[in-house]
There are 2 protein chains.
Amino acid sequence: MTSKRRSSATHRESSVTLQDIAAHAGVSRSTVSLVLRGSSLVAEPTRLKVQASIKALGYVYNRGAAALRGRRTSTLGVVVYDIANPFFGAMVAGIDNALSREGYVSFLANSEDSPRRQERFLERMREHAVDGILLCPAEGTDPTLIDTLNAWGMPCIQILRHIGETPFDYAGPDFHLGVCQAVDHLVGLGHERIAFLGGHAEHSATRERWEGYCDSLARHGLDYKRLLRATVTRRDGFALIQQLMSEPTPPTAVVCHNDMVAFGAMFGLKRLGLTPGTDCAVIGIDDVEEAELVDPALTSVATHPYAIGEEAARLALRRIHDPKGAPEQVVLSPRLQVRGSCGARLQPRTASAQAASGQMP
Amino acid sequence: MTSKRRSSATHRESSVTLQDIAAHAGVSRSTVSLVLRGSSLVAEPTRLKVQASIKALGYVYNRGAAALRGRRTSTLGVVVYDIANPFFGAMVAGIDNALSREGYVSFLANSEDSPRRQERFLERMREHAVDGILLCPAEGTDPTLIDTLNAWGMPCIQILRHIGETPFDYAGPDFHLGVCQAVDHLVGLGHERIAFLGGHAEHSATRERWEGYCDSLARHGLDYKRLLRATVTRRDGFALIQQLMSEPTPPTAVVCHNDMVAFGAMFGLKRLGLTPGTDCAVIGIDDVEEAELVDPALTSVATHPYAIGEEAARLALRRIHDPKGAPEQVVLSPRLQVRGSCGARLQPRTASAQAASGQMP
DNA sequence: TGCTGTTTTTGGATTGGTCTAAATCTAGAG
DNA sequence: CTCTAGATTTAGACCAATCCAAAAACAGCA
């Protein structure tokens with residue numbers, strides 16, 4: 001049983017407008033508008049009078065109406081391809097934190113790595129006139145998408161992956177460096193046969209990892225090179241490692257495309273009766289929370305999703321305030337989190353904290 | 001180097017309006033509006049003519065303007081308290097899927113369990129005139145918040161937790177039944193000293209679990225009863241289990257508030273030199289993806305976050321179309337996912353799939 | 001052809017703010 | 001006491017759609 005509303009609420013919506021405030025405070029609509037926007041034009045006594053009226057009448061600012069005449073909506077669109085992945089959860093938390101500080105609010109969409117879904121959402125965002133887009137491009141996104149967004153006059157910050165040629169705004173981890181750190185560490189432990197597991201069809205985030213892998217091997221003068229492509233699920237890791245270990249000269253260590261693949265690989269090793277870290281070192285990428293839960297705990301390249309989210313949000317706000325400034329790429333250095341799965345505990349030789357060159361193609 | 005735009009795009013925004021379409025097609029603004037909304041009033045030849053003009057001029061529908069005059073914005077607000085938790089990721093994916101099918105789009109906010117942040121966001125949502133709110137209330141939310149939202153005339157669907165007295169719309173798992181399933185299973189395995197680990201300060205989701213725990217014990221006539229309160233982190237599970245196992249008569253099994261606490265508990269057991277599943281059975285709640293990754297794999301009560309998200313979205317749309325219909329509560333039955341951590345493998349006695357009564361206070 | 005009853009189409013008001021340029025109001029200088 | 005620069009305030013157009021009631025077009029029928 002819904003109880004009756006008290007006070008003046010007019011049945012449906014309160015809908016107190018600037019006009020009402022103006023009448024109540026004995027000033028004009030324009031003055032009230034100025035007060036609402038914190039303009040320094042209005043005199044102190046007037047401001048107080050108006051603010052009192054605003055409070056008294058229970059006024060609610062109508063951003064939709066404001067956006068119609070003004071230019072900004074104070075909204076952003078965020079597209080990720082797998083929100084169920086805790087990595088994106090952390091990233092979205094970072095975005096949310098940075099944006100809400102500035103009074104912005106964001107639409108979220110989960111593209112499920114479908115360019116079609118992604119495009120539908122972007123079109124909807126255009127209709128809602130968001131001030132900008134934070135985009136983790138779906139696998140298979142048309143490389144001209146960024147040009148389309150530019151043609152729309154829609155600021156766009158790419159995250160994690162990047163497409164297109166034009167100079168763009170971007171925030172993401174330095175995958176190249178991350179893989180180098182992993183390989184360097186393994187080499188420091190004495191490994192000479194290091195494989196790389198997984199990686200979607202080509203996109204920047206995959207390419208950077210593969211290049212990191214190849215460059216590292218070359219730098220250390222290692223001959224052994226096995227790069228097994230696949231999608232990026234745990235299932236893949238499980239299958240690939242078993243395939244790999246049955247080869248004539250199996251690797252003594254594997255670096256995995258991400259932690260999910262790494263978990264799968266550890267599972268696969270156990271299935272073969274092998275012990276991760278002892279019979280074959282395993283290193284993941286992302287350092288998700290669960291990395292330290294598994295047994296042995298997973299050594300992983302931490303890519304700091306929360307910080308990436310914050311940076312991306314910062315870039316977006318910057319771009320909105322300066323639409324034609326120079327594009328900026330923020331590439332965060334990852335950090336190797338050493339745990340049991342790479343056998344560091346077993347071979348007490350200290351891991352080298354070697355620096356490698358990062359790059360942004 | 002940004003290339004010059006072709007065609008008529010006026011420097012900043014294209015901003016083709018209904019007026020332009022109307023002129024181009026030789027009809028009135030009103031007619032174009034009707035075509036856009038798929039009205040059956042307009043004759044077929046006219047419709048085609050207008051649609052051609054729309055395409056020709058590259059018109060973009062302005063939802064902000066439409067919302068100003070019309071009533072709907074086709075937007076919703078979603079508030080969760082920990083988006084980094086994969087449970088919420090899956091839930092948001094479910095919401096997103098159900099909403100995007102209907103052309104709705106949603107603002108997401110992460111309250112971090114702070115009522116202050118939550119309130120700020122809700123006020124912003126009101127200013128943006130969303131059609132409704134999907135709310136997982138933050139810990140410590142003022143119970144009158146729902147009344148406030150009602151007074152605003154803002155439809156609100158509560159998820160996972162619920163506050164307030166008024167009949168409300170709600171979607172969530174049947175925690176009471178879930179805990180009963182867990183306890184029943186343990187009793188079936190021969191356990192008689194079963195503890196419950198964790199749970200925030202009081203809110204519905206905690207209360208339902210505790211009641212489930214107490215009711216189960218009573219139903220099975222068990223004397224042993226240990227309910228350790230704490231927040232819901234892995235750290236808590238780690239600490240609590242060690243405290244518990246050092247008591248004179250430690251439990252032989254623990255049911256945990258959620259999987260995070262359960263992971264912590266398993267860690268704690270290992271720290272004590274004990275084996276989860278053998279020395280003490282552990283059952284979690286949620287059945288997050290990682291449950292089967294840990295060692296031993298975690299037995300857990302699956303609560304189906306994706307389905308809950310879909311249901312909540314469905315409820316929201318229903319409420320928007322019928323603002324004063326009877327409130328509806330959707331309580332999904334959980335399912336016990338048996339794995340190694342409860343020792344089922346060790347004691348081959350079959351688990352009973354006993355039904356218990358669910359309830360919605 | 002005139003009349004009536006549907007279909008279609010349309011003008012103009014409306015939504016709730018912001019913007020611009022002009023009006024009004026100070027206070028200090030001459 | 002008048003004038004003017006600077007500080008406040010305001011009127012009215014404007015943003016891009018929807019809504020309503022009334023006009024126009026069209027058909028069927030006498």
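Chain letters run A, B, ... following the sequence lines, proteins first, then strands; residues in each count from 1.
Closest to the side chain of B/Arg37, out of D/dC19, C/dG16, D/dC14, is D/dC19.
Look at CD on A/Gln19: it is 11 Å from P on C/dG16, rounded to the nearest Å. The distance between atom CZ of A/Arg29 and atom P of C/dG16, rounded to the nearest whole Å, is 11 Å. One atom, CG of B/Leu18, and another, P of D/dC19, lie 12 Å apart when rounded to the nearest Å. Residue A/Arg69 contributes atom CZ, which lies 15 Å from atom C1' of D/dA17 at whole-angstrom precision. Rounded to whole angstrom, the span from the CG atom of B/Leu41 across to the P atom of D/dA21 amounts to 14 Å. Rounding to whole angstrom units, CG of residue A/Leu34 and P of D/dT10 are separated by 10 Å.
No hydrogens or angles were tested; on distance alone, nothing pairs the side chain of B/Ser15 with the base of D/dA16 as donor and acceptor under 3.5 Å.
Using modelled atom types and a 3.5 Å distance limit, the side chains of A/Ser33 and A/Arg29 yield no donor-acceptor pair.
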Q | Pair A/Asn62-B/Arg126, side chain to side chain donor-acceptor pair (under 3.5 Å): steps then yes or no | A | CA-CA 8 Å; A/Asn62 182 331; B/Arg126 180 145 92 125; over 6 Å; no
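Using a 4.0 Å heavy-atom cutoff across all strands shown, B/Thr17 reaches sugar-phosphate atoms only and no base atom.
The pair A/Arg117-B/Asp96 counts as a salt bridge, with a side-chain nitrogen and a carboxylate oxygen less than 4.0 angstrom apart.
How far CD of B/Gln118 is from CG of B/Leu145: 6.0 Å, rounded to the nearest 0.5 Å.
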